Amino acid sequence: MMEAHQQRGRTHTSLPSLITLIAIVSPLASAVPSLTDDSKCECYLTNGTQASFFATHKFLDFRNLAAHAGVPLTITKPNDSGSAPVTSEYFTSKEWTEAFWVLSWNNSHQIREDATVLMVNSPNNVYIEANGDRSPSSQTWLTLRTQRLKDFQTASEIESVAPGFQYLSVRMLARTVGSPGAITALFTYRDADRLADVQESDLEVRTMDPRNTIQYTNQPSYTEKGEEIDHATKNVTLPPGHPDWTHWAVHRLDWTPKETVWYVDGTEVATISFQTPRDPSKVILNAWSDGGEWSGNMTVNDAAYLQIQWLEIVYNATDENPAKRKRDGGGVTAVMLRERDEGGEGSCDVVCSIDETLEPGKPVMLWNNGAMRMVGGGLVAWIPSLVTFGMLALISGGLW
């Protein structure tokens with residue numbers, strides 16, 4: 001009897017500690033992630049099939065640029081179109097020039113053998129446009145235009161200044177409108193001398209296709225002989241209830257070491273593990289046609305447009321400078337996060353998310369391991385377990 005009484009006394013002695021522990025961790029377990037800013041984030045964790053850690057976050061917002069809005073007239077001469085200046089001062093701003101180039105190359109060297117028309121990428125086709133929707137959700141958006149003229153196809157392409165993205169999650173609130181015979185696209189790209197060595201993950205809308213279908217590919221999708229490569233492409237019909245590509249939707253491409261995954265408004269629509277790119281790449285967006293079999297041949301004077309309200313990327317990059325990040329207070333590099341994703345130790349105490357936020361461009365903090373250590377914590381995932389363990393201890397001790 002004495003032994004039993006002593007054992008019960010020891011349980012009573014631990015009760016205050018358990019109550020204190022539960023009182024501390026319960027609010028943390030139920031807390032909603034709070035808005036923060038990038039200066040407080042050491043890394044970013046994405047959701048989805050291939051949840052991954054990334055070192056850097058960038059957000060380009062085209063929704064409130066009324067001072068730069070204006071639709072330029074189409075330039076009708078090929079040489080003048082290719083050498084045109086940018087359409088507004090926004091495209092010379094630090095925000096833009098640190099992120100993207102506006103390109104002006106043409107296909108006079110017949111990059112695609114079946115091309116039937118000269119295609120000229122022009123800075124004149126990349127511009128800020130006032131939102132003319134009936135119920136506008138923004139003041140403006142970014143437009144990439146392509147139009148068929150009598151003698152050529154005028155087109156548009158922007159390319160990331162940084163060439164060293166190595167795994168990323170890129171999203172855009174966008175839509176495609178216009179006539180059949182064009183392609184609008186968002187993709188990662190690494191060039192090569194041989195077609196077989198090209199590394200590319202594509203999201204492509206073909207305006208001649210049904211409006212509820214989108215093409216997703218890990219390139220190349222064909223050989224030098226023109227033969228199709230199995231498993232490289234998925235032609236996806238969007239799930240019921242999802243907007244077609246003429247309506248605003250968040251299109252997302254996740255490039256990870258294992259596979260490429262695509263989403264529309266948060267729903268996974270395609271996954272390809274075959275030919276997943278592995279080396280540092282660029283990010284490119286374009287609107288184009290060359291009259292070939294893939295794009296189709298647009299009717300003269302017809303046009304198509306890729307319209308984007310915002311573009312957001314979390315990424316790892318080979319050209320990051322770890323010493324600079326340390327001086328700037330970061331201290332976490334892409335290499336460290338890549339090691340973490342591949343099962344290594346990695347290092348990231350303050351973890352943020354762009355998936356759990358209600359405000360595009362503004363991350364939320366998921367957890368702060370440094371703060372957690374103050375209460376003896378570690379990963380946030382442990383907190384509910386600690387609460388549960390405490391409850392079970394009370395119940396098993398007959399105290400609840």
Side-chain angles (χ1 to χ4, degrees), residues 38-39 41 44 54-63 65 68 82-106 120-128 141-145 155-174 184-192 198-203 219 251-255 277-288 306 308-325 327-328 330 332-335 337-338 354 360-361 363:
D38 291 323
S39 66
C41 300
Y44 304 84
F54 296 99
T56 309
H57 172 225
K58 287 192 179 298
F59 183 74
L60 290 175
D61 194 349
F62 311 116
R63 296 172 296 177
L65 298 173
H68 302 288
S83 60
V86 293
T87 55
S88 77
E89 291 182 357
Y90 174 73
F91 299 103
T92 61
S93 69
K94 182 178 180 181
E95 176 184 0
W96 177 262
T97 57
E98 287 187 347
F100 282 98
W101 309 103
V102 179
L103 302 187
S104 59
W105 61 274
N106 64 68
V120 178
N121 284 295
S122 173
N124 188 62
N125 292 323
V126 179
Y127 52 88
I128 302 299
W141 60 63
L142 171 70
T143 294
L144 273 65
R145 174 176 64 190
S156 53
E157 184 165 274
I158 61 175
E159 176 185 284
S160 64
V161 172
F165 293 101
Q166 191 165 26
Y167 311 122
L168 55 75
S169 178
V170 55
R171 306 96 183 279
M172 61 178 181
L173 177 59
T184 64
L186 163 68
F187 56 102
T188 65
Y189 184 72
R190 183 180 179 87
D191 201 2
V198 169
Q199 298 179 51
E200 179 178 346
S201 285
D202 288 345
L203 179 167
Q219 299 282 6
H251 296 271
R252 170 179 166 185
L253 183 163
D254 282 13
W255 167 33
R278 60 194 177 277
D279 294 317
S281 302
K282 304 172 184 178
V283 173
I284 298 175
L285 297 93
N286 59 21
W288 63 278
L306 173 59
I308 307 166
Q309 290 197 36
W310 52 257
L311 180 73
E312 187 166 28
I313 312 176
V314 286
Y315 63 92
N316 295 329
T318 56
D319 55 356
E320 282 190 294
N321 184 332
K324 180 178 183 301
R325 282 191 61 87
R327 289 197 308 271
D328 292 345
V332 177
T333 69
V335 173
L337 295 181
R338 192 153 58 244
I354 62 170

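Source: prediction; values computed, not measured.
- A distance of 12.5 Å separates CD of Glu312 from CG of Leu168, quoted to the nearest 0.5 Å.
- Panel note: side chain Trp255, backbone Pro277; a donor-acceptor pair is recorded below 3.5 Å.
- Here the closest heavy-atom approach between residue Ala55 and residue Asn316 is recorded as N-OD1, 2.8 Å.
- Looking only at side-chain heavy atoms (C-beta outward), Thr184 and Leu144 stay at 4.5 Å or farther from each other.
- Arg190 places a side-chain N or O within donor-acceptor distance of the main-chain N or O of Pro280, the cut-off being under 3.5 Å.
- When every heavy atom of Pro363 is checked against every heavy atom of Ile354, the shortest pair comes out as CB-CG2, 4.4 Å.
- From Trp101, atom CH2 reaches atom CZ of Phe91 across 15.0 Å, with rounding to the nearest 0.5 Å.
- Every residue two or more places apart in sequence or in another chain was checked for a ring pair (Phe, Tyr, Trp, His ring centres under 6.0 Å) with Trp288, and none qualifies.
- Note that the OH atom of Tyr167 and the OG1 atom of Thr318 stand 11.0 Å from one another [nearest 0.5 Å].
- No option in Leu142, Val170, Ile158 other than Val170 meets the side-chain contact (heavy atoms from CB on, under 4.5 Å) test with Leu311.
- Taking both residues in full, the closest heavy atoms of His68 and Ile128 are given as O-CB, 3.7 Å, listed atom of the first, atom of the second, then distance.
- Looking only at distances, a side-chain donor or acceptor of Ser160 sits under 3.5 Å from a matching main-chain atom of Ala162.
- Gln166 places a side-chain N or O within donor-acceptor distance of the main-chain N or O of Arg278, the cut-off being under 3.5 Å.
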side-chain contact (heavy atoms from CB on, under 4.5 Å) assessment of Tyr189 paired with Val198: CA-CA 8 Å; Tyr189 184 72; Val198 169; 3.9 Å; yes
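- Scanning for ring pair (Phe, Tyr, Trp, His ring centres under 6.0 Å) contacts around Phe100 gives Trp96, with sequence neighbours left out.
- In this structure, Trp105 and Glu157 have side chains that are in contact, with non-hydrogen atoms separated by less than 4.5 Å.
- Using bins of under 30°, 30° to 60° and over 60° for the plane-to-plane angle, the ring pair Phe165/Tyr315 lands in the perpendicular bin.
- In terms of heavy atoms, Phe187 sits closest to Leu253 at CA-CD1, 4.5 Å.
- The CD1 atom of Ile308 sits 8.5 Å away from atom OG1 of Thr143, with the distance rounded to the nearest 0.5 Å.
- Inter-residue side-chain proximity for Leu60 and Glu95 is flagged as met; some heavy-atom pair is nearer than 4.5 Å.
- His251 is not listed as a side-chain neighbour of Leu186, based on a closest heavy-atom distance of 4.5 Å or more.
- With Thr87 contributing its side chain and Val126 its backbone, the two residues share a donor-acceptor pair below 3.5 Å.
- Between Arg145 and Asn124 there is a side-chain heavy-atom pair separated by less than 4.5 Å.
- Closest approach of Pro123 and Gly82 over heavy atoms only: CD-O, 4.0 Å.
- With rounding to the nearest 0.5 angstrom, the CZ atom of Arg63 is 14.0 Å from the CH2 atom of Trp141.
- Under the 3.5 Å distance criterion, the side-chain polar atoms of Asn125 are matched with a main-chain donor or acceptor of Ala155.
- Distance alone, capped at 3.5 Å, places no donor-acceptor pair between the Asn121 side chain and the Asn106 backbone.
- Aromatic ring pairs are classed by plane angle as parallel below 30°, tilted from 30° to 60° and perpendicular above 60°; the pair Tyr44 and His57 is tilted.
- Between the side chain of Ser104 and the backbone N or O of Ser83 there is no donor-acceptor pair closer than 3.5 Å.
- Looking at Ser281, its side chain does come within 3.5 Å of a backbone N or O of Asp279 through a donor-acceptor pair.
- Between the CG atom of Leu65 and the CD atom of Glu89 there is a distance of 12.5 Å, given to the nearest 0.5 Å.
- Within the 3.5 Å criterion, the main-chain N or O of Ser169 finds no donor-acceptor partner in the side chain of Asp254.
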